Amino acid sequence: MAIDTENQTAANNESASYKAMLQEVELLVKEVGQPDLELDAMVGKIERGYTLIKAMRARLEQTKDKVEQLRLDFE
Amino acid sequence: MSIHYRRQGSAIVVLGNTYAYKDQLKALGARFNGVDRHWRLPLTPANLDSIAELCANAGGGCLESSATSNLVIAEAPSLPAAAAATRALLSGSKELTEDQRLPEGQPLPEDQGLTLRQLMTQVETAVMRAFPKTVWVIGEVQNLSRRGGHIYLDLAEGRNDAHANATTTVRAIIWSSAFAQIEARRGTDKITEVLQDGLQLRCLSQVQVYKDRGSITLIITDIDPNFTKGALALARERLLKELRAKGLDRANKNLPLPPFPLRLGLISAAGSRAQSDFLDQLTCLKYPGEVLFCSTSMQGEQVPKQVVSALKLLMAKSCDLIVITRGGGSAADLRWFDAPEIAYAIAQATVPVVAAIGHHDDVCVAEEICHMRQKTPTAAADYVVAILLDTRRYIDTIAAAMAKTLDDRIQAVSVLTAALVGRLHVAAEKALDYRSLALTQLGHSLQRTAVSRLHQAMNQLNDYKTRIGLGAERLLGNFRTKLVELMAALERRDPTNWIAQGWTRLSGVQGLVKSIAQVGAGEILRARLADGWLHMQIENIEAADASDEKQK
């Protein structure tokens with residue numbers, strides 16, 4: 001049971017971090033659109049946005065691979 | 001299956017095991033009374049003869065009470081010697097002796113009385129005159145015994161007076177010769193059945209006075225076994241009617257059978273064939289439970305009390321089922337199980353009671369009342385085991401149904417699970433595709449926003465640039481204008497032209513001299529000319545006056 005709790009906690013953490021990244025990117029998009037944003041800050045935010053998107057894409061690929069593996073194990 | 005009849009008012013009442021004869025009774029015009037459970041038909045000589053014949057053929061007979069039939073004098077088929085002598089005496093063929101005869105019509109002297117012998121002689125005479133022939137007598141058999149081939153018994157009748165246990169009792173004798181004749185005429189089995197303590201007996205008797213003992217003795221010459229059976233049947237019917245009226249006839253039958261009768265109570269005689277047959281059959285059928293045996297008498301007056309005690313004891317021991325069993329016997333032997341105590345105990349029992357009390361055609365009250373009647377102890381054992389087998393079959397049926405239901409459910413769940421797996425996979429792919437698309441869109445959105453923002457900045461820069469250009473031009477223009485003005489001013493202030501026209505500018509030690517006040521005599525001044533400077537020294541200073549000022 002303890003192990004299941006840990007796995008569930010890890011899954012929750014992963015879901016939470018993916019969700020946090022997504023929220024951050026959405027926030028960045030809004031901030032970049034602000035007219036009073038400094039150009040230097042804007043560049044930094046855009047860079048941060050692309051970094052997060054790249055990380056989330058990698059996470060999606062991992063999830064896809066895992067789902068496929070689960071299906072193969074089940075069959 | 002015997003049936004009996006009696007006269008009741010203007011009707012003939014037929015009772016007993018009448019079901020087999022119902023068609024014949026109906027043909028005679030009889031109608032069945034469901035409450036009293038007997039047949040009634042009009043009392044006519046023809047009906048009476050028909051019914052008497054029918055009952056006799058069925059092993060029954062008349063149930064007339066002593067009040068109506070006791071005075072019917074019947075010829076004795078044959079009498080033993082003593083009775084023959086008595087008959088001779090009555091027929092007057094023999095003279096009475098002196099001590100047997102009292103002169104008639106002569107009053108007793110006042111100071112004298114009858115001797116006992118005289119008294120008993122008169123009693124004997126009176127009895128002989130009252131009962132010149134044999135008479136049918138009804139009483140309860142008590143203290144039955146056999147000695148020397150003769151049978152000795154008491155006939156008793158209870159009295160409804162102050163003394164509840166008071167009875168009228170008369171000694172009776174069946175001489176061995178008479179007994180042999182009775183057995184030959186009626187059948188040994190039938191006679192044996194009815195000659196038992198406690199049974200009502202109708203017997204053809206010669207009333208005999210034993211003068212020496214001052215007692216009356218009945219010399220029995222014949223017995224009516226059908227009367228006893230009828231009395232038993234009547235008592236049985238009465239009790240059953242009473243139980244039906246109270247709703248107790250089906251009380252034990254309505255008890256639910258235990259599905260697992262693993263604790264049996266057995267009431268029987270210890271060491272009896274019934275006990276061994278029952279237990280042996282259980283063993284043969286591999287009965288898995290336990291049997292609690294309660295030994296009781298199966299015959300005699302103590303049967304009701306002992307059986308009731310045994311029932312209570314076994315119920316207290318939490319038996320699932322109680323079996324009462326005894327071996328086969330005569331109908332009279334079964335009469336103990338017609339006792340109200342046993343009937344009520346079974347009716348009020350909290351446990352089903354199975355009765356296997358003999359395999360006689362007559363059914364005793366205990367068997368009528370119990371949950372199930374079985375003909376033999378072996379059949380009772382079969383019945384008990386059959387309950388277990390039925391339960392097992394039921395369980396097997398239920399288990400099979402459950403297994404099939406489970407299989408069906410598993411099959412349905414398997415199909416559902418397979419569908420769910422497919423749907424899960426599709427859902428997972430969709431979810432991932434959706435998220436991937438969302439990320440792409442986010443990226444595009446980010447890019448669009450960034451580009452838009454850059455465009456905004458660029459536009460702003462261009463705007464600034466334009467504004468700066470315009471500003472610079474304007475500024476330059478202003479500067480140019482200013483410069484031109486300054487140049488003009490400068491030109492206006494340039495003394496060269498004035499100098500060329502002969503004017504000069506004087507400069508002293510303190511700079512430009514514009515007033516005579518600034519200089520003093522002897523001071524060196526410089527005068528600018530178009531082609532050089534003059535150094536001059538002041539010799540004299542003269543102030544200008546007002547007329548010079550007006551000319552200027």
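Fair warning: this is a prediction, and the values are worked out from it, not measured in the lab. A note on names: the letters A, B, ... follow the listed sequences, proteins ahead of strands, and every chain is numbered from 1.
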Quiz item: How many angstroms lie between CG in L439(B) and CG in L22(A), if you round to the nearest 0.5 Å?
Solution: 7.0 Å
Practice problem: Not counting sequence neighbours, which residues clear side chain to side chain contact (heavy atoms under 4.5 Å, CB included) with P256(B)? List them please. | Solution: none
Quiz item: By a 4.5 Å heavy-atom criterion (distance strictly below it), what part of M56(A) contacts chain B: side chain, backbone, both, or neither?
Solution: both
Produce the donor-acceptor pair table for chain A versus chain B, cut-off under 3.5 Å.
| residue | atom | partner | partner atom | Å |
| --- | --- | --- | --- | --- |
| Q34(A) | O | R453(B) | NE | 3.1 |
| P35(A) | O | R453(B) | NH2 | 3.1 |
| L37(A) | O | R453(B) | NH2 | 2.5 |
| R57(A) | NH2 | T440(B) | OG1 | 2.8 |
| R71(A) | NE | H425(B) | NE2 | 3.4 |

Practice problem: Working to the nearest 0.5 Å, report the span between CG of L60(A) and CG of L437(B). | Solution: 11.0 Å
Quiz item: Side chain, backbone, both or neither: which part of L37(A) has an atom under 4.5 Å from a heavy atom of chain B?
Solution: both
